[in-house]
Amino acid sequence: MATAVVTGASRGIGEAISQKLLELGYDVIGISRTIDENPLKHPNFRALACDLSDEGMLASILTLLQADPSISILCNVAGFGVFEPHEEIDPQTISKMVTLNLTAPMTLSNALLRALKFNEGIIFNITSIEATRHSKFSALYSATKAGLRAFSLSLFEEVRKSGVNVVSINPDMTATSFFDDLRFETSQEPDKRLEAEDIADAIENILQMRKGVAITELTIRSQKFGIEKKK
Ligand code: NAP
């Protein structure tokens, strides 16, 4: 049975991707800080609790993951955003965001590439529409996501000969708990926002392409623009 590792699997986009991969027949190892409290109820789902913004904890799960030769999918989903004037963001938040959004995906890719090459597997990096443009109050978040997008596209050039694909998925605003601590949120109107399941469906579509074809980047947007300021 092929195994997928999904970070950020406890909710939102990572949970939707995990559900989809379980439906497609993969064993899923789901990673997040609180994954034990909210495991997906499926016999082929295994929860692995880890704070990926802590480099020590991140290092501690690598040996465990490397012991599984069946890993053929790595989905780097865990991440968070802060959208404030840059001088108002504290250094700990900067460090935490860089580690979670960028260092952890690069470190997990590094650790799992041997198995991914053996299985001719695929890495999905969930970046953001912000990886492709430049927005006010998004310098830190955009830097992490643009970095992850550049990592994805460059790594593909390196590993394509081994049969490994690396995909940068760049979603627009998606209705999840991502916005819980932010000053704005997605529109309530269905054509002005994405759902987490839309991202999972895109991954299913890519996995169904014939072998020998590699989609390396996908930007997913709502048909219409929408954003709500919180009261
Ligand atoms: P979400 O609902 O807030 O989910 C975030 C996930 O990341 C949760 O499973 C969370 O689990 C996990 N996580 C957070 N901090 C972590 C840490 N330190 N260590 C391990 N896991 C951690 O947000 P989402 O919308 O699904 O976001 C998923 C990804 O999509 C993020 O990378 C985000 O930047 C990207 N994205 C989101 C949107 C959007 O509009 N929602 C748009 C573009 C891109 P725990 O709390 O259990 O740790």
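Order of listing sets the numbers, starting from 1, for every ligand and every atom in it. We use all heavy atoms of the structure for the numbers below, so side chains are in, but hydrogens, waters and symmetry mates are not.
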- Message: Going by the closest heavy atom to atom 5 (C) of ligand 1, which one wins out of Gly12, Pro105, Gly79?
- Response: Gly79
- With no hydrogens and no angle check, do the side chains of Arg11 and Ser177 hold a donor and an acceptor under 3.5 Å apart? yes
- Only heavy atoms count here, so choose which of Ser10, Gly81, Ala104 is nearest to atom 10 (C) of ligand 1. Ser10
- Message: Counting C-beta onward and ignoring hydrogens, is there a side-chain heavy-atom pair between Val5 and Leu112 closer than 4.5 Å?
- Response: yes
- Any idea which atoms of ligand 1 are less than 4.0 Å away from a heavy-atom of Ser32? 11 (O), 20 (C), 21 (N), 45 (P), 47 (O), 48 (O)
- Message: Using heavy-atom distances only, which candidate in Ser18, Gly14, Ala78, Ser53 approaches atom 13 (N) of ligand 1 most closely?
- Response: Ala78
- Note on the structure: To atom 29 (C) of ligand 1, the nearest of Ile126, Val77, Thr144, Thr34 on a heavy-atom basis is Val77
- Query: Out of Thr176, Leu100, Thr7, whose heavy atom is nearest to atom 24 (P) of ligand 1?
  - Reply: Thr176
- Query: Of all the non-hydrogen atoms in the protein, which one sits nearest to atom 37 (C) of ligand 1, and at what distance?
  - Reply: Ile13 CD1, 3.9 Å
- side chain to side chain donor-acceptor pair (under 3.5 Å) with Lys136: which residues, sequence neighbours excluded? none
- Query: Of the listed options (Pro171, Ala16, Gly30), which comes nearest to atom 43 (C) of ligand 1 when hydrogens are ignored and any heavy atom counts?
  - Reply: Pro171
- Is the closest side-chain donor-acceptor distance between Thr103 and Thr99 under 3.5 Å? no
- Item | Proximal atoms of ligand 1 relative to Thr127 (non-hydrogen, under 4.0 Å) | 35 (C), 36 (N), 43 (C), 44 (C)
- Query: Which residue from Phe80, Phe179, Tyr141 reaches closest to atom 33 (C) of ligand 1 through any of its heavy atoms?
  - Reply: Tyr141
- Task: Using non-hydrogen atoms of the residue, decide whether Lys145 is closer than 4.0 angstrom to ligand 1.
- Result: yes
- Under 6.0 Å from the CZ atom of Phe83, do we count more than 12 heavy atoms belonging to anything else shown? yes
- What do you reckon, does Asn170 put a non-hydrogen atom under 4.0 Å from ligand 1? no
- Query: Stepwise, does the side chain to side chain contact (heavy atoms under 4.5 Å, CB included) test hold for Arg149 with Glu217?
  - Reply: CA-CA 9 Å; Arg149 175 173 178 251; Glu217 174 158 52; 2.3 Å; yes
- Task: For a side-chain hydrogen bond (donor to acceptor under 3.5 Å, both in side chains) with Asn170, tell me which candidate from Asn125, Thr132, Thr127 qualifies.
- Result: Thr127
- Message: Are Phe179 and Phe80, when compared by the centres of their aromatic rings, separated by less than 6.0 Å?
- Response: no
- Counting from 1 in the order shown, the ligand 1 atoms closer than 4.0 Å to a non-hydrogen atom of Asp51 are 17 (C), 18 (N), 19 (N)
- Among all protein heavy atoms, pick the one closest to atom 41 (N) of ligand 1 and tell me residue, atom and distance. Thr174 O, 3.1 Å
